[in-house]
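Below is one structure; the comments refer to it alone.
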Amino acid sequence: MAVKKAAVTKAAVTKAAKKPAAKKPPQSMPYDQGKWAHVFAPRAPGETRYWLIKSEPDVFSFQDLQAAPQQTTQWDSVRNTGARNFLRDGMKTGDLAFYYHSNAEPSGIVGICEVVREGYPDSTALDPSHDYYDPASVAATPTWFMVDVRAVEPLSRAVTLPELKASDELREMALLKVSRLSVVPVTAAEWQVVLRMSRSR
DNA sequence: GCCAACGTTGGC
DNA sequence: GCCAACGTTGGC
């Protein structure tokens, strides 16, 4: 059963872009040589890494995850290559992830979940009847991947986007630096800062 | 391979 | 609803 969680298609009509492009875009490079190389680097024995996954609560909230069988779901329907690389090659079983509610009131980090199955082909991309079917992705060489995540616990208090932005210690947080990636890495230091914020007040 | 058009995310 | 950011597509 495939639940759409990321890359939610809006019914709204998108206006055509109209500004002349002036800049030249940075050359894209292999993900393991770019600024995210460290999240794909070999790990120390037993090392846990941290992530943040976004979902619109109207589509699939943290409460929905808690209510799911085994409090687990497939993190499917991601159709962005950067996020795909994190799902396919970065996240390992036992890693922890913040659960972020986007397009919410307020947007923010609301819970913690755990990776319980490492990247495997996203079945929604292979199913012609699915809204997120991608004919370019075939079973033998799948383009899109997903992981399974299980709810661990809600934060005792949600940490909102304005709070995250206001923190000097989170100035370099990927969530705040790179827009529109539905899966982003979180450093161990940032993880602790957010937890501390969630426990305050 | 370049780059303009187009599509999507998500904050505001 | 608007639009900045940025990824993808496709004509050439």
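In what follows, every chain begins at residue 1, and chains take the letters A, B, ... in the order their sequences are listed.
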How many Å lie between [atom1] on [X] and [atom2] on [N], as a whole number?
| X | N | atom1 | atom2 | value |
| --- | --- | --- | --- | --- |
| A:Arg84 | C:dG7 | CZ | C1' | 13 Å |
| A:Asp131 | B:dG7 | CG | P | 18 Å |
| A:Leu161 | B:dG11 | CG | P | 6 Å |
| A:Leu176 | B:dC12 | CG | P | 10 Å |
| A:Leu175 | B:dG11 | CG | C1' | 11 Å |
| A:Asn80 | B:dG7 | CG | P | 17 Å |

Assign the ring pair A:His130 / A:Tyr132 to parallel, tilted or perpendicular, where the plane angle (0 to 90°) is split at 30° and 60°.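 It falls in the tilted class, 30° to 60°.
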Going by atom types only, do A:Asp64 and A:Ser61 share a side-chain donor-acceptor pair under 3.5 Å?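 Yes - a donor-acceptor pair under 3.5 Å links their side chains.
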Presence of A:Thr81 side-chain N/O under 4.0 Å of C:dT8 phosphate oxygens OP1/OP2: yes
Under 4.0 Å: is that the gap between some side-chain N or O of A:Tyr132 and OP1 or OP2 of B:dT8?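 False: A:Tyr132 side-chain N/O out of range (4.0 Å or more) of B:dT8 OP1/OP2.
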Sidechain N-carboxylate O distance under 4.0 Å for A:Arg79, A:Asp122: yes
Clusters formed by hydrophobic residues whose side-chain heavy atoms approach within less than 4.5 Å: which one holds A:Tyr120, and what are its other members?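 Besides A:Tyr120, the cluster holds A:Met146.
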